K.L.:
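Mind looking over this structure? Questions follow.
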Amino acid sequence: MYTDKVMEHFMHPRNVGTIPDADGVGEVGNPVCGDMMTFYIKVKDGRLEDVKYQTFGCGAAIAVSSLVSEIAKGKTLEEAMKITREQVAEELGGLPPHKMHCSNLGADALHKAIENYLNKQTDRKPEAEGEEKQSRDKKNFHCPSCDFILPERALVCPRCQLKLVRCEHCNEYNLEGEETCRHCGAGLI
Amino acid sequence: MYTDKVMEHFMHPRNVGTIPDADGVGEVGNPVCGDMMTFYIKVKDGRLEDVKYQTFGCGAAIAVSSLVSEIAKGKTLEEAMKITREQVAEELGGLPPHKMHCSNLGADALHKAIENYLNKQTDRKPEAEGEEKQSRDKKNFHCPSCDFILPERALVCPRCQLKLVRCEHCNEYNLEGEETCRHCGAGLI
Amino acid sequence: MSGFYADRQAAAPVRPEVLEAMLPFFAENFGNPQSLHSAGQRAARALQAAREQVARLINCLPEEIIFVSSGSEANNLAIKGLALASQARGKQIIISAIEHVSVIRAARFLEKLGFKTVQVPVDGYGLVDPGKVAEAINADTVLVSVMMANNEVGTIEPVAEIARFCRSKGVIFHSDAVAAAGNIPVDVRALGLEAMSLAADQFGGPKGAAALYLKKGTKITPLVDGGVQENNRRAGTENVPAIVGLGRAAELARLEMDNKVRRLTLLRDRLIRGALTGVDEVVLTGHPEKRLPHHASFCVKFIEGEAMLLGLDLNGIQVASGSACTSRSLRTSHVLTAMGLDPAVAQGSLVLTLLDGTGEEQVDYFLEKFPPVVRRLREMSPLYTRYLEERKDVHR
Amino acid sequence: MSGFYADRQAAAPVRPEVLEAMLPFFAENFGNPQSLHSAGQRAARALQAAREQVARLINCLPEEIIFVSSGSEANNLAIKGLALASQARGKQIIISAIEHVSVIRAARFLEKLGFKTVQVPVDGYGLVDPGKVAEAINADTVLVSVMMANNEVGTIEPVAEIARFCRSKGVIFHSDAVAAAGNIPVDVRALGLEAMSLAADQFGGPKGAAALYLKKGTKITPLVDGGVQENNRRAGTENVPAIVGLGRAAELARLEMDNKVRRLTLLRDRLIRGALTGVDEVVLTGHPEKRLPHHASFCVKFIEGEAMLLGLDLNGIQVASGSACTSRSLRTSHVLTAMGLDPAVAQGSLVLTLLDGTGEEQVDYFLEKFPPVVRRLREMSPLYTRYLEERKDVHR
Ligand SMILES: Cc1ncc(COP(=O)(O)O)c(C=O)c1O
Ligand SMILES: Cc1ncc(COP(=O)(O)O)c(C=O)c1O
Ligand code: FES
Ligand code: FES
């Protein structure tokens with residue numbers, strides 16, 4: 001299922017650990033869904049002097065975090081912010097479709113750690129918190145396959161990569177190929 | 001599928017042929033259904049001096065006619081009228097369920113030939129014709145599996161031996177185990 | 001001369017190359033393709049390879065192949081699954097009068113759920129007229145199913161034309177190619193099919209492995225619900241050895257197709273010619289040219305098929321028949337009936353289907369044994385006696 | 001020590017005796033059991049012999065066995081077929097919350113046709129309370145389905161009691177015994193079942209052969225419509241080699257049952273004891289005693305199952321997991337969820353199922369490799385770090 005590169009990182013993950021006096025910490029995911037990642041960074045002269053992480057998740061998640069830490073280390077903050085999940089997946093020689101969301105996690109956690117560092121610098125309230133609060137008031141739509149909370153107007157689940165179809169009747173998401181809405185029973189065309 | 005006894009009769013059928021100056025002739029079946037048997041008898045001193053037959057039908061039908069001719073020959077008319085399909089099937093070492101109707105054919109054709117002889121003796125119109133005429137006026141019910149014309153209130157098709165269930169709604173026959181009537185769509189309970 | 005097995009339509013030996021490919025997957029590479037560990041992933045790779053082999057045979061994408069357990073299951077999945085998935089658009093389905101029972105009965109099941117089935121008739125050769133299919137399509141039609149080749153009379157249907165009509169009207173077209181695939185060239189893209197059934201045991205593969213080709217993007221309701229196997233469209237642990245066998249058989253069929261078709265066509269025509277000239281009052285059933293290369297079928301008048309079959313079997317020759325007496329339900333083949341054959345004549349149905357390895361000497365052996373078997377049965381047939389008498393009357 | 005395959009629930013090697021019994025039916029005795037000629041009749045006899053062997057394993061009549069292609073198909077046939085055949089009497093069906101997906105999704109299919117499904121909950125051991133099933137039955141109930149043993153947590157359910165309740169209320173009872181049959185004694189008469197699913201690959205037989213036991217006289221609507229095979233209840237050419245294998249495996253399972261159960265139970269308990277003492281914060285899932293003799297399942301806290309599975313695989317140990325990340329749908333096993341396990345804990349699911357031939361040395365090998373694999377993953381787990389800190393806080 002996994003490429004040799006994934007397995008190699010899984011067997012020998014680089015930079016595992018925590019940084020007690022980290023300049024920035026970013027955490028994404030949630031153990032309820034089976035995945036959670038925490039990235040720790042040390043910044044010096046605008047560069048990532050050190051990157052460490054801890055991962056609770058599958059083999060892909062572990063390999064992703066290892067790879068992200070490896071490519072991020074030594075980069076400028078700006079460069080590091082440009083690391084994409086496509087890049088991560090590609091450098092790992094590819095990931096199975098339903099594991100693509102794990103490559104999100106790695107970049108996301110790193111970016112969150114950098115944002116956390118930047119926020120501390122400017123001493124302003126982290127944006128993310130406000131956002132999260134707001135989203136808690138709205139109705140969340142979940143992926144019918146993996147329960148991931150979907151962004152607005154999703155065509156594909158960012159987590160499990162399955163194609164989505166919205167029910168015209170109740171607005172809920174269904175998987176492409178389903179005939180009747182699993183939420184309200186209306187026909188999906 | 002067939003017993004050795006059936007195969008032996010199939011390979012070497014006894015008494016095949018016609019009797020041009022037969023005392024009685026009996027024909028049953030109909031090529032449309034795949035089976036037809038004609039029995040010819042010569043009667044002397046109240047006994048079947050000779051029995052011959054022709055058969056259009058399956059291996060079982062051929063074996064049955066052969067066996068019937070063999071056991072009938074030399075018997076008194078009364079004895080011959082007592083030959084039953086059960087006896088025929090048994091002497092053949094058994095027949096597959098859906099071939100049981102072939103054992104009917106043999107005894108029936110023989111009995112018809114004897115009746116034909118008796119009718120000629122008493123010079124009265126054969127009963128059967130009147131019966132057949134009458135039945136043509138009534139609605140015939142056919143076996144849903146083999147199309148055989150069923151007797152009144154059949155529980156089992158005499159031809160293919162399948163169990164029957166009558167639809168309470170339209171009175172037609174269905175096979176046991178079916179849920180809805182194939183004729184009117186009503187539920188069968 | 002150890003005999004002549006000419007009932008390949010019913011069953012055929014698994015080819016040695018195919019069995020060899022299958023063997024490692026029983027006890028060594030026994031993993032479940034859904035397992036994430038190495039044993040499972042070995043099986044998953046074998047499954048994928050087989051999927052590619054089958055896809056190459058019929059020119060589709062690997063992910064357009066759904067593995068199932070039999071031709072009947074493929075047909076049931078197609079008919080029920082495509083109709084149920086499209087029922088919002090309409091409730092009429094169209095099939096031909098000579099479809100395999102698995103198509104006909106699947107359609108009958110749908111009738112209980114409110115669908116309507118239209119049966120398009122065939123001509124005396126068993127050919128479906130594409131124009132009649134087009135006529136039958138209305139706004140309520142969601143699915144048309146016409147077989148690629150008929151298994152009882154060998155006739156090859158004009159599916160490309162029918163597919164074209166369906167496409168122009170936006171109706172899904174499925175073809176049961178169980179008798180055809182692996183035996184004649186089949187290209188689902190060129191033919192323009194949305195769905196097609198095939199089965200391994202019809203071209204040297206094992207029993208227990210078959211497939212439904214389903215064009216990417218076509219919605220289907222599963223027949224067997226459950227796990228995520230076959231991309232959520234057919235649940236149940238995959239029968240890896242059988243599927244590996246199907247894949248290998250597909251590969252061999254593709255490579256050998258042209259030679260095989262050429263050779264078997266010659267052999268078939270020799271058989272047909274010999275049978276028609278060797279015995280009087282024998283008719284060919286199905287189309288004389290548009291027919292499967294390995295398929296020869298007849299009706300022998302005045303006698304019944306099962307008796308003929310037994311008679312030939314005693315000579316080491318295995319054949320099939322569509323007579324009423326040969327069927328467990330004691331009904332004459334609906335195919336022969338639909339073609340308008342006289343019911344009494346249809347009882348003399350005889351079907352020979354040749355193995356790839358069949359040789360001339362086997363065909364000639366049949367042609368030698370066939371006349372005496374017929375003669376013996378005719379001698380005891382009341383119908384033949386009647387025929388002879390009538391002929392005498394005419395000649396007098 | 002070449003490793004330890006402990007995922008027999010997913011797949012197991014076909015037993016050599018079974019493969020040997022199957023082999024002649026690929027290329028030599030290749031006939032179609034429906035053919036009337038000698039080649040067909042040889043196959044028909046083999047089919048009948050297999051039917052008798054399976055019947056003897058579960059104490060039913062041979063004609064009460066319907067051969068199908070997988071456990072999922074058996075379950076779909078049972079749930080859909082029994083419900084559809086009884087719909088005139090009512091439209092409610094009852095299943096447990098921990099049924100196999102093939103049962104759950106078959107019930108979901110029926111919901112689209114107007115049926116209603118009630119799911120009976122389970123306790124923390126995964127046990128169904130027969131009283132709760134009885135409570136759920138109402139005048140509209142036509143079918144109850146509760147599995148004999150759960151494949152993910154090994155718990156053996158009180159089906160005899162549930163069957164008794166159903167009988168007293170005139171409701172059909174089906175049990176999915178795919179994980180149980182062939183592994184523990186199953187007597188359908190003594191248990192009072194109307195229908196039961198089993199699959200060959202769960203007890204040394206091949207993939208592609210399974211069966212539904214259906215009590216004589218019970219009406220069922222076929223899933224695969226078509227020919228008269230399996231007494232008109234499952235169409236399609238019979239997979240003779242696989243069915244012969246199922247028969248032989250059933251015979252062997254019956255003969256070896258007592259010894260096997262005794263031996264595996266000891267081994268299982270050694271494994272459970274060792275795992276629970278060898279690593280801290282590991283919980284047993286399922287019932288400690290009412291469980292399949294070859295089945296040991298755990299949740300290892302703070303780490304995720306797939307990573308553990310890969311880590312063990314690198315040590316030559318193959319296991320399964322019910323974690324969200326191991327499933328293609330990225331959902332946590334519904335079984336663990338229904339048992340009320342904390343969702344984060346459920347991610348550490350680990351399932352070991354032992355082969356008949358598993359030895360003590362393999363169990364001990366696992367017990368040696370298991371702690372370091374867990375340790376390595378915990379060392380990189382943010383949850384474990386947090387746990388250690390909290391524990392420190394407490395102890396401070
Ligand atoms: C309890 C149970 N039911 C049903 C099934 C489905 O069986 P199959 O994969 O053969 O379709 C399984 C599979 O392991 C099972 O364990
Ligand atoms: C044209 C056609 N369709 C369907 C089938 C059914 O195939 P199976 O017996 O594998 O279910 C057959 C079987 O010979 C066939 O010839
Ligand atoms: S962490 Fe769950 S799938 Fe990768
Ligand atoms: S004569 Fe038709 S079944 Fe015997």
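This is a predicted model, so every value here is computed, not measured. Letters go in sequence order (proteins before strands), and every chain restarts at 1.
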K.L.:
Verify the ring-centre separation between D/Y365 and D/F4: is it less than 6.0 angstrom?
P.N.:
no

K.L.:
What closest approach, in Å, do A/V6 and A/A63 show between heavy atoms, and which atom pair accounts for it?
P.N.:
O-CB, 3.6 Å

K.L.:
Under 4.5 Å, counting heavy-atom pairs only, tell me which of D/V345, D/I303, D/D342, D/L377 racks up the most with chain A.
P.N.:
D/I303

K.L.:
Between D/S321 and chain A, which part of the residue has a heavy atom less than 4.5 Å away: side chain, backbone, both or neither?
P.N.:
neither

K.L.:
Using the ring centroid of each side chain, check whether A/F10 and A/Y2 are separated by less than 6.0 Å.
P.N.:
no

K.L.:
Checking heavy atoms, do the side chain of D/F302, its backbone, both or neither come under 4.5 Å from chain A?
P.N.:
backbone

K.L.:
For the side chain of A/R85 and the backbone of A/G106, is there at least one donor-acceptor N/O pair under 3.5 Å apart?
P.N.:
no

K.L.:
Give a yes or no on this: more than 12 heavy atoms of other residues, nucleotides or ligands lie within 6.0 Å of atom OH of D/Y125.
P.N.:
no

K.L.:
Which answer fits D/T332, side chain, backbone, both or neither, if we ask what part of it has an atom under 4.5 Å from a heavy atom of chain A?
P.N.:
side chain

K.L.:
Tell me, side chain or backbone of D/L310 under 4.5 Å from chain A's heavy atoms, or both, or neither?
P.N.:
both

K.L.:
Using a strict cut-off of less than 4.0 Å between a Lys/Arg side-chain nitrogen and an Asp/Glu carboxylate oxygen, indicate whether D/E99 and D/R105 qualify as a salt bridge.
P.N.:
no

K.L.:
Given D/S297, which partner from the list D/T155, D/N150, D/T285, D/N151 fulfils the side chain to side chain donor-acceptor pair (under 3.5 Å) test?
P.N.:
D/T285

K.L.:
Under 4.5 Å heavy-atom distance to chain A, tell me which part of D/E111 shows up: side chain, backbone, both or neither.
P.N.:
neither

K.L.:
Identify whether the distance between the nearest side-chain nitrogen and carboxylate oxygen of A/K42 and A/D21 falls below 4.0 Å.
P.N.:
yes

K.L.:
Which heavy atom in A/E115 sits nearest to a heavy atom in A/M81, and how many Å separate them?
P.N.:
OE2-CE, 3.8 Å

K.L.:
So that I can tick it off, tell me whether A/R47 and A/E78 are bridged by a salt bridge, with the cut-off set at under 4.0 angstrom between side-chain N and carboxylate O.
P.N.:
no

K.L.:
Does anything in residues 48-58 of chain A reach chain D? List residues with heavy atoms under 4.5 Å apart, or say none.
P.N.:
A/Q54, A/T55, A/F56, A/G57, A/C58

K.L.:
Taking side chain as everything from C-beta outward and backbone as N, CA, C, O, which of these in A/M1 sits under 4.5 Å from a heavy atom of chain D? Side chain, backbone, both or neither.
P.N.:
side chain

K.L.:
Between chain A and each of D/T326, D/L309, D/L383, count heavy-atom pairs under 4.5 Å; write down the option with the most.
P.N.:
D/L383

